[in-house]
Amino acid sequence: MTSDLPSQARRFANELQEVLNGTVCRDIRMVAVVRPVSASGAVFTIGSGLSKANPTQPQGFPLRTDQKKPLAWMNLSYQVRMDDELTYLTIHSSYCGIFADETLETCLCHFDFEREKERYTSAHLQVYGTSPALVALNRGKDSKRSLDKLHFPVGGKRFRPSLEDIIEFLIAERFVDARPGYEDVLERGRERFQVKQLRAAMRRYPEVVEQFMKEQSSG
């Protein structure tokens, strides 16, 4: 196991915890637990309710800032590992589900990211409900396909929604109450996410960075 992976995974878990407890949660603890060794190398699961005895199945948690009964629940998990250069933490997959019940049986939607997804776009949204338009569009073997089986693309690997974007959506649509000052917490977290994504893109496309710097210096 790369020695820096545990510390980077724990740091990321702490960042997520700070965003949640600073906006729409109270006393939620996000932990990073190493998964059983696989062919893909060392991988950590990050989520709530994880332990050495339960390294793979995070628990849902209420979205509330006080003792009132919550309207919404979240189930949040990340699978993280080191990148191919064994230098930076990278998210292999993530899941953020929004539910109306503690048992996580009544789902509104979930945001998924699966690196190197073959059939569907790696970052996508799945929504639960009914759609007359989908009934009209379905045909052949898909004639009974439900809305939640559609994978709506949401920005791809680099520009997918962050946790902060999802929290902002929940607040704006009045599904949850937010703490005073939540805007600053979301902005800091969103900027941190965007900077990481920008740096990753710069490493993958150095020629674009070089061209940009040339244009800036000549201008």
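Because the structure is predicted, anything quoted here is derived from the model rather than measured.
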Give a yes or no on whether the backbone of [Y] and the side-chain of [X] come within a donor-acceptor separation of less than 3.5 Å.
X	Y	value
S122	E114	no
D148	Q126	no
S51	N54	yes
R199	K196	no
Q8	L89	yes
Q197	R158	yes
T103	D101	no
S143	R139	no
D83	L86	yes
N21	I28	yes

Looking at residues at least two apart in the chain, or sitting in another chain, which of them share a salt bridge (Lys or Arg N to Asp or Glu O under 4.0 Å) with D112?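 So D112 forms no salt bridge (Lys or Arg N to Asp or Glu O under 4.0 Å) with any residue.
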Are the charged groups of K214 and E210 less than 4.0 angstrom apart, N to O?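 Yes, this pair counts.
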I'd like to know if R64 pairs up with D177 as an ion pair, taking the criterion as any Lys NZ or Arg NE/NH1/NH2 lying under 4.0 Å from an Asp or Glu carboxylate oxygen.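 Between D177 and R64 there is no salt bridge, as every charged N stays at least 4.0 Å from the carboxylate O atoms.
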Residues [X] and [Y]: side-chain donor-acceptor under 3.5 angstrom:
X	Y	result
E164	S162	yes
Q211	E207	no
Q59	S48	no

State the OG1-CD1 distance between T106 and I98, to the nearest 0.5 angstrom.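 It comes to 13.5 Å.
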Taking CZ in R29 as the centre, count heavy atoms belonging to other residues, nucleotides or ligands within less than 6.0 Å. Is the count above 12?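 Count not over threshold, so no.
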Working for salt bridge (charged side-chain N to carboxylate O under 4.0 Å, His left out), residues R188 and E191: CA-CA 5 Å; R188 289 195 300 270; E191 181 176 355; over 6 Å; no
Just jot down the ring-ring contact (aromatic ring centres under 6.0 Å, His included) partners of Y120, sequence neighbours excluded, or say none.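 So Y120 forms a ring-ring contact (aromatic ring centres under 6.0 Å, His included) with H151.
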Passing candidate, side chain to side chain contact (heavy atoms under 4.5 Å, CB included) with M30, options Q17, E18, R10: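 Per the side chain to side chain contact (heavy atoms under 4.5 Å, CB included) rule, the option paired with M30 is Q17, out of Q17, E18, R10.
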